[in-house]
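Remember, it's 1-based here, ligands and their atoms both numbered in the order they're listed. None of these values were measured; they are calculated from a predicted model. Every heavy atom of this structure was used, including side-chain atoms; hydrogens, water molecules and symmetry mates were not.
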Amino acid sequence: MKQDKEIVLTGITTTGTPHLGNYVGAIRPAIEASRDARVQPFYFLADYHALIKCQEPERIKQSTLEIAATWLALGLDTDNAVFYRQSDVPEITELTWIISCVTAKGLMNRAHAYKAAVAENQEKGEKDPDKGITMGLYCYPILMAADILLFKARKIPVGKDQIQHIEMARDIAARFNHIYGEHFVLPEAVVQEEGAVLQGLDGRKMSKSYNNTIPLFLPEKKLRKMIMKIKTNSLPPEAPKDPETCTLFSIFQAFASNEEVEQLRQRYHQGIAWGEMKQYLFEYINEHVKDARARYQELLQHPEEIEHRLKQGAARAREVAAPFMVEIREAVGIAPLTR
Ligand code: TRP
């Protein structure tokens, strides 16, 4: 691995099934970036982060399998990108402890996810504002900082909700560097544009928390059925329609070329029946995902192949992580007594 390339790193929490919104907002751009020889991507399955939100072992396992299969089926370039599972790199949790010891508790008190959980308890009138809050949730940003700092990653592509965590990773890195000397690179968030947010079945942002998602690799029949369920207004077939406020149109836009979008916009102005539009959207998306879906189904039949590729990725990640951990341990005074 050449070390002069810019390191871009991002994690995917393994709690769900990839949906069209994940694809458009995160997976597709990350896979495109993996083909750029000027950057060194590190992409990983954040299964330790998943434990914070999910205590169903089967779901975590299944999600890990589905997410890995999705990224591989979509053609992630694993010769360039280092693709691994967080729990296969024990240096991450080791570093988590070391940086925990320079992280101010007050900094964690300010984390959005923790504050939201406290606020919810207060609204419910709970006596204990920390009721039901685990140390995992509380320390979540420290684990995330370790993910990033261990690989000297500079650019972190994330959604808006994660910006604060990247800033915390910077704070933690700067604090460590101040005490022990310059070891860590200060990371920066690269925030995905608004345009990359896809609408879901009900017109709100497509998100697992709204339960309005369309899974990316749904079998053909089910995909059609779901697209038919997308909410539209009740204008009659021949009436002109407004593309800019239409969920169907916005989803189409995330997949089609500018020219195709323009053509469809004209059809809206002329009047297009919702049934026809839904059928068209289904066919378009189906065509777009069909080949990758076949590879995905094939990969799910061969978990050993996925496991093998994740292990290879972890070995590459550890080539970087293990020597760096020796340096970090040394820096804090944890080292052999004799050389
Ligand atoms: N917390 C991130 C999320 O929920 C996932 C994640 C874990 C991550 N570790 C990371 C993202 C490191 C970027 C860098 O989306």
Side-chain angles (χ1 to χ4, degrees), residues 6-19 21-31 33-34 39-54 59-60 63-64 67-68 70-71 81-96 99-100 103 108 111-117 134 136-173 184-192 196-198 205-209 213 313-314 317 320-321:
E6 180 160 78
I7 294 173
V8 175
L9 174 146
T10 200
I12 314 109
T13 307
T14 53
T15 47
T17 297
H19 56 70
N22 298 141
Y23 172 69
V24 168
I27 309 176
R28 186 172 62 185
I31 289 181
S34 77
V39 300
Q40 175 57 68
F42 280 76
Y43 298 149
F44 68 96
L45 306 169
D47 52 353
Y48 281 138
H49 276 102
L51 293 186
I52 296 165
K53 297 187 203 159
C54 173
R59 188 155 135 221
I60 292 194
S63 170
T64 303
I67 294 174
T70 298
W71 285 63
V82 184
F83 186 54
Y84 56 101
R85 181 168 42 197
Q86 187 181 35
S87 59
D88 283 337
V89 181
E91 288 81 5
I92 296 172
T93 42
E94 194 180 348
L95 182 60
T96 302
I99 60 177
S100 290
T103 302
M108 294 302 101
H112 293 318
Y114 170 66
K115 277 176 42 179
T134 65
L137 177 71
Y138 190 67
C139 298
Y140 176 114
I142 310 181
L143 177 59
M144 187 158 156
D147 289 332
I148 296 168
L149 301 180
L150 184 59
F151 296 103
K152 301 192 170 97
R154 210 175 281 280
K155 294 275 158 70
I156 318 297
V158 283
K160 272 210 291 270
D161 59 324
Q162 298 292 319
I163 298 174
Q164 190 197 32
H165 294 148
I166 312 301
E167 283 165 0
M168 289 179 159
R170 272 179 87 86
D171 284 355
I172 294 170
F184 292 131
V185 166
L186 305 193
E188 256 170 63
V190 182
V191 181
Q192 276 123 33
V197 173
L198 200 72
K205 175 188 167 186
M206 190 180 287
S207 161
K208 209 169 46 168
S209 28
T213 65
V320 178

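Between F184 and the choices I99, L150, I148, the side-chain contact (heavy atoms from CB on, under 4.5 Å) rule is met once, by I99.
Within the 4.0 Å heavy-atom criterion, the part of I156 lying near ligand 1 is the side chain and not the backbone. Under 4.0 Å from ligand 1, not a single heavy atom of Q86 appears. Heavy atoms of D161 found under 4.0 angstrom from ligand 1: none, in either backbone or side chain.
Here the CD1-NE2 distance, from I60 to H49, works out to 12.5 Å after rounding to the nearest 0.5 Å. Here CG of N22 is found 9.0 Å from OG1 of T70. Values are rounded to the nearest 0.5 Å.
When only non-hydrogen protein atoms are considered, atom 11 (C) of ligand 1 lies nearest to G11 N, 3.4 Å. Remark: minimum distance from atom 9 (N) of ligand 1 to any protein heavy atom is reached at D147 OD2, 2.7 Å.
Residue contact check: T10 has heavy atoms under 4.0 Å from atoms 11 (C), 13 (C) of ligand 1. Every atom of ligand 1 is numbered from 1 in the order shown, and the set under 4.0 Å from a heavy atom of Y140 is 1 (N), 2 (C), 3 (C), 4 (O). Of all atoms in ligand 1, listed by their number and element, those nearer than 4.0 Å to a heavy atom of L9 are 12 (C), 14 (C). Here is the list of ligand 1 atoms found below 4.0 Å of a heavy atom in V158: 13 (C). Residue-ligand proximity, T13 to ligand 1, at heavy-atom distances under 4.0 Å covers atoms 3 (C), 4 (O), 5 (C).
Ring planes of F42 and Y84: perpendicular class, angle over 60° (limits at 30 and 60°).
A donor-acceptor pair shorter than 3.5 Å can be found between the side chains of T15 and K208. Looking only at atom types and distance, the side chain of D47 has no donor-acceptor partner in the side chain of T14 under 3.5 Å away.
The environment of CZ in R154 is sparse: at most 12 heavy-atom neighbours from other residues, nucleotides or ligands sit within 6.0 Å.
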(request) Please step through ring-ring contact (aromatic ring centres under 6.0 Å, His included) for the pair Y114 and Y138, ending with a clear verdict. (result) CA-CA 6 Å; Y114 170 66; Y138 190 67; 4.7 Å; yes
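Any N or O atom pair closer than 3.5 Å counts here, and Q162 shares at least one such pair with ligand 1.
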